Amino acid sequence: MAHTLVAEKLEHAAGVERVLDRAFGPGRFAKTSERVRERGAVLEPSLSRVALNAAGDVIGVCRIWRVEAGAPLFFLGPLAVDPDAQLTGLGLALVRDCVAACRAAGGNGIVLVGAERFFRAAGFSIVPPGRIVLPGPVDPARLLWCELRPGGLADVAGAVTAPR
Ligand SMILES: CC(C)(COP(=O)(O)OP(=O)(O)OC[C@H]1O[C@@H](n2cnc3c(N)ncnc32)[C@H](O)[C@@H]1OP(=O)(O)O)[C@@H](O)C(=O)NCCC(=O)NCCS
């Protein structure tokens with residue numbers, strides 16, 4: 001399926017909500033990642049990506065937020081691809097584009113909650129246990145990070161909070 005990846009804009013809002021509802025269902029707001037976003041994380045639309053189909057409809061989204069944990073950091077999520085467009089490589093393409101944008105922006109690293117088996121292809125690995133604390137329960141095997149520059153994660157530790 002033909003698609004393009006672009007930075008998120010206000011005009012995508014309704015399409016993004018539709019994809020998130022279809023991909024996650026009603027459990028969408030119960031996640032610990034949602035608590036991070038509620039507690040003052042700052043959305044970075046220029047680093048976030050939406051996937052558009054040939055008709056211009058939103059069929060995927062990957063959002064990037066500015067947070068802090070001992071050092072400035074990005075938080076990735078939600079990542080969602082419309083069920084009708086899943087398993088065609090779009091999810092991974094969205095993540096890779098966001099990682100490239102965050103790296104070009106000069107970031108230290110990116111943290112997320114997700115399946116290591118999926119995200120490792122985009123450069124993510126499991127955070128050493130106890131190193132980072134989120135505002136809610138997280139399976140330590142699903143707390144992942146990705147370094148954006150050599151030594152970028154050296155000072156990253158502690159509670160994930162709003163950026164200063
Ligand atoms: C997770 C999601 C974004 C993946 O999107 P996608 O476009 O289907 O993913 P891709 O086609 O890029 O998948 C790439 C690879 O990851 C695998 N994969 C997909 N979802 C996976 C998952 N949840 N866990 C492990 N592997 C997964 C695919 O099988 C594929 O492997 P392959 O290349 O060996 O066949 C999509 O399934 C989705 O929106 N799910 C519901 C919302 C969700 O769970 N989001 C993630 C929260 S962290």
Side-chain angles (χ1 to χ4, degrees), residues 1-9 12-39 41-45 47-67 69 73-103 107-129 131-148 153 156 159-160:
M1 193 189 308
H3 66 259
T4 51
L5 305 185
V6 299
E8 183 177 358
K9 297 196 179 61
H12 301 130
V16 165
E17 287 305 303
R18 182 177 162 280
V19 168
L20 292 175
D21 279 343
R22 278 171 56 83
F24 282 107
R28 188 182 149 190
F29 297 105
K31 295 171 174 296
T32 290
S33 296
E34 205 56 41
R35 306 287 85 77
V36 173
R37 297 188 275 266
E38 282 169 3
R39 289 180 187 208
V42 176
L43 181 65
E44 287 288 343
L47 304 178
S48 302
R49 291 290 179 266
V50 297
L52 306 175
N53 66 11
D57 302 318
V58 176
I59 53 169
V61 60
C62 184
R63 280 183 164 154
I64 297 290
W65 307 74
R66 211 173 271 283
V67 296
L73 199 62
F74 293 119
F75 190 82
L76 185 153
L79 165 70
V81 170
D82 190 275
D84 289 342
Q86 287 179 8
L87 299 178
T88 62
L90 199 47
L92 202 49
L94 278 162
V95 174
R96 285 183 165 143
D97 219 49
C98 284
V99 170
C102 291
R103 184 166 280 134
N108 291 319
I110 308 175
V111 167
L112 63 79
V113 181
E116 194 263 346
R117 200 159 52 87
F118 173 80
F119 284 100
R120 72 179 161 213
F124 287 84
S125 58
I126 297 172
V127 175
R131 180 80 174 265
I132 291 177
V133 180
L134 294 188
V138 176
D139 174 356
R142 290 175 53 84
L143 185 54
L144 312 180
W145 65 5
C146 165
E147 194 170 72
L148 293 173
L153 296 174
V156 172
V160 173

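This is a predicted model, so every value here is computed, not measured. In each ligand, atom 1 is the first atom listed, and ligand 1 is the first ligand listed.
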Counting each atom of ligand 1 from 1 as listed, which ones have a heavy atom of G91 under 4.0 Å away?
-> 5 (O), 6 (P), 7 (O), 9 (O), 12 (O)

Proximal atoms of ligand 1 relative to G114 (non-hydrogen, under 4.0 Å) | 48 (S)

Under 4.0 Å from a heavy atom of L79: give me the atoms of ligand 1 that qualify, with their elements.
-> 3 (C), 42 (C), 43 (C), 45 (N), 46 (C)

How close does the nearest protein non-hydrogen atom get to atom 25 (C) of ligand 1, and which residue and atom is it?
-> R117 NH2, 3.2 Å

Looking at V95, L87, V81, the heavy atom closest to atom 29 (O) of ligand 1 belongs to L87

Scan the protein's non-hydrogen atoms and note whether one is under 4.0 Å from atom 23 (N) of ligand 1.
-> no

May I ask you to list the atoms of ligand 1 that are less than 4.0 angstrom from any heavy atom of G89?
-> 10 (P), 11 (O), 12 (O)

Residue, atom and distance of the protein heavy atom nearest atom 16 (O) of ligand 1 read F118 CD1, 3.1 Å

Among protein heavy atoms, which lies nearest atom 38 (C) of ligand 1, and at what distance?
-> Q86 NE2, 3.3 Å

In the protein, which heavy atom is nearest to atom 43 (C) of ligand 1, and how far is it?
-> F24 CE2, 3.4 Å

Contacting atoms of ligand 1, where contact means under 4.0 angstrom from a heavy atom of T88 = 11 (O)

Can you tell me which residue and heavy atom of the protein come closest to atom 41 (C) of ligand 1, and the distance to 0.1 Å?
-> A23 O, 3.5 Å

Is the shortest distance from atom 33 (O) of ligand 1 to a protein heavy atom below 4.0 Å?
-> no

Considering only protein heavy atoms, determine whether one is less than 4.0 Å from atom 19 (C) of ligand 1.
-> yes

Using a strict 4.0 Å cut-off to heavy atoms of A115, name the atoms of ligand 1 that fall inside it.
-> 24 (N)

Pull out every atom of ligand 1 sitting under 4.0 Å from any heavy atom of L92, numbered as shown with elements.
-> 12 (O)

Atom indices of ligand 1, in the order listed, that fall short of 4.0 Å to a heavy atom of V113 | 48 (S)

